[in-house]
Amino acid sequence: MVPISRGLFADLLAQGEIFQSRDILRPTYTPSKLPHREEQINNLASILVPALRGETPSNVLIYGKTGTGKTAVAKYVGKELEEASFEDMKCVVIYINCEVVDTQYRILAHLARHFDRDIPMTGWPTDQVYAEFRNALDEEKQVVVIMLDEVDKLVRKGDDVLYNLSRVNSDLLRSRVSIIGISNDLKFTEFLDPRVKSSLGEDEIIFPPYDAEQIREILEQRANVAFCSGSLQESVIPLCAAFAAQEHGDARRALDLLRISGELAERARSTVVTEVHVRQARDKIEQDRVEEVIKTLPTQSKLVLYSIILLEEQGTRNITTSAVYNMYKQLCPLVETDFLTHRRITDLIAELDMLGILHTIVISKGRYGRTKEITLSVYSGKLKSILQQDYRLKDLTNVTVPQQARLGL
DNA sequence: AATCCACAGGAAGATTAGGATA
DNA sequence: TATCCTAATCTTCCTGTGGATT
């Protein structure tokens with residue numbers, strides 16, 4: 001047993017010549033230098049300086065698409081601020097991801113706990129938690145910066161927290177609070193209470209997406225540390241950057257792509273990461289994405305997709321909405337489901353198209369009407385097996401194509 | 001040029017699900 | 001726990017349309 005495992009891992013370990021420090025490529029890592037974000041960093045820093053003088057900084061809203069460095073910049077500036085604060089003028093930065101901590105109660109509890117208050121997971125009235133937090137805050141003179149990442153997630157279900165937090169200063173004697181909201185939805189303030197909107201959006205910072213060149217520099221900076229020297233083919237980074245720039249300048253994706261390319265190269269026992277690995281990695285990411293999307297599809301959409309797969313297997317050419325609908329209507333009783341109307345199926349197909357699982361075009365056959373022709377943009381066998389993992393669809397597993405052809409009236 | 005197929009897709013109302021609130 | 005509210009889902013009804021056929 002021991003010799004086997006030693007051999008097994010020794011083998012794999014011997015190949016560890018690609019990565020020097022893989023974690024640097026993970027999205028959770030906050031680098032000490034953020035290229036092409038100097039402007040935003042300075043901006044945010046100058047908004048927050050008053051904190052060091054004991055004054056209240058403006059509240060800030062930070063906007064930008066995913067992977068534009070919002071969180072990294074905010075955390076970085078926050079860290080610097082804490083380090084720069086003096087003994088007699090304490091600055092505290094509290095970071096909260098609202099996607100994880102997503103209710104008024106949890107946020108207040110989280111904040112209170114940060115000041116070593118004991119708050120039970122559940123049970124207390126919300127205003128008691130609020131009072132506890134406020135008291136803890138006011139115990140000593142300090143400026144507290146609360147960073148709310150993904151605030152838009154919070155707004156969807158009531159903006160009471162934001163309202164309460166933006167007003168907390170008037171309840172405080174010694175301390176001051178300022179809020180930094182981070183959102184990837186540019187229009188989310190539209191759903192805010194106007195009072196909250198004006199107090200939260202005293203200042204705004206926009207994070208534009210990176211272009212290919214900027215992503216390249218970011219990748220290079222990290223790759224220098226993350227990879228062993230010479231283990232990257234020259235064209236690898238530009239290629240990753242180009243792919244990511246196509247996908248709306250998301251640096252996180254670019255880093256994922258680079259990391260997965262490296263992992264694939266490692267697994268393939270290659271000592272160098274090549275373009276081939278990058279392309280493989282891109283395909284793998286895409287495949288994982290599709291798999292994830294399909295798994296979380298509502299049952300009706302899965303049935304529609306299944307119908308299309310069956311039609312394709314059956315060799316039907318020019319799959320139209322009606323063909324899909326007929327097939328779908330036959331499948332529904334097999335899984336004991338009510339069937340939806342034609343109109344709705346049209347919408348579901350449009351949604352699948354949006355998700356990039358299907359490809360549809362409207363074609364006109366003149367006298368013989370107008371239809372939407374549907375083609376799968378993913379390999380159907382793979383799709384089928386993913387769909388069959390759904391227990392609600394298990395009765396379809398044995399549905400054979402010829403039988404369907406016979407039923408198709 | 002007029003016709004007309006077979007469906008796309010908009011509008012609006014109905015239903016449902018989930019979540020808050022009393 | 002009942003009830004109320006809202007957003008999402010779904011239906012009904014409808015108008016619009018590209019181009020082969022007449």
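Lettering of chains follows the sequences in order, A, B, ..., and the numbering in each one begins at 1. As the structure is a prediction and not an experimental result, all values here were calculated from the model.
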Touch class at under 4.0 angstrom, heavy-atom based, for A:T320 against every strand present: nothing

A:D347 CG - C:dC14 C1' separation (whole Å): 15 Å

Contact nearer the 5' end of DNA chain C, comparing A:G369 with A:L348: A:L348

No-hydrogen, no-angle side-chain donor-acceptor test under 3.5 Å, A:T274 and A:Q233: no

Minimum side-chain heavy-atom gap A:F207-A:K65 below 4.5 Å: no

Residues forming a side chain to side chain donor-acceptor pair (under 3.5 Å) with A:D116, sequence neighbours excluded: none

Length of the line joining A:L340:CG and C:dT12:C1', which is rounded to integer Å: 14 Å

Cationic tip of A:K70 above A:Y63 ring, under 6.0 Å, 45° of axis: no

Integer-rounded Å distance: C:dC10 C1' and A:H342 NE2: 15 Å

Residue that, paired with A:R343, satisfies side chain to side chain contact (heavy atoms under 4.5 Å, CB included) out of A:I345, A:L340, A:D347: A:D347

Pair A:V144-A:R176, side chain to side chain contact (heavy atoms under 4.5 Å, CB included): steps then yes or no: CA-CA 6 Å; A:V144 177; A:R176 302 277 88 180; over 6 Å; no

Residue A:R344, side-chain heavy atoms: nucleotide from C:dC10, B:dA11, B:dC7 that is nearest: C:dC10

A:Q300 CD to C:dC10 P, straight-line distance once rounded to whole Å: 6 Å

Under-3.5 Å N/O pairs linking protein and nucleotides 15-17 of chain C:
| unit_1 | atom_1 | unit_2 | atom_2 | d |
| --- | --- | --- | --- | --- |
| C:dT17 | O2 | A:R370 | NE | 2.9 |

Ring-face cation of A:R37 near A:Y210 (centre distance under 6.0 Å, axis angle within 45°): yes

Aromatic ring pairing A:F339/A:Y325, orientation class (parallel under 30°, perpendicular over 60°, tilted between): perpendicular

Residue-phosphate contact under 4.0 Å: A:K372 side-chain N/O, B:dG9 OP1/OP2: yes

Between B:dA11 (P) and A:R343 (CZ): distance, integer Å: 11 Å

Any A:T321 side-chain nitrogen or oxygen under 4.0 Å from OP1 or OP2 of B:dC7: no

Under-4.0 Å side-chain N/O to phosphate OP1/OP2 contact, A:S322 with B:dC7: yes

Between P of C:dC10 and CD of A:E351, the distance in whole Å: 9 Å

Flag for A:D390-A:Y306: side-chain donor and acceptor within less than 3.5 Å: no

N/O (side chain, A:T341) to phosphate O (OP1/OP2, C:dT11) under 4.0 Å: yes

For atom CD of A:E373 and atom P of B:dA6, their distance in whole Å: 15 Å

Extract from the structure each pairing of a protein N or O with an N or O of nucleotides 20-22 of chain C at less than 3.5 Å, listing the distance.
| unit_1 | atom_1 | unit_2 | atom_2 | d |
| --- | --- | --- | --- | --- |
| C:dA20 | O4' | A:R367 | N | 3.4 |

Atom-pair distance (CG on A:D338; C1' on B:dT15), nearest Å: 13 Å

Residues A:R392 and A:T299: side-chain donor-acceptor under 3.5 angstrom: yes

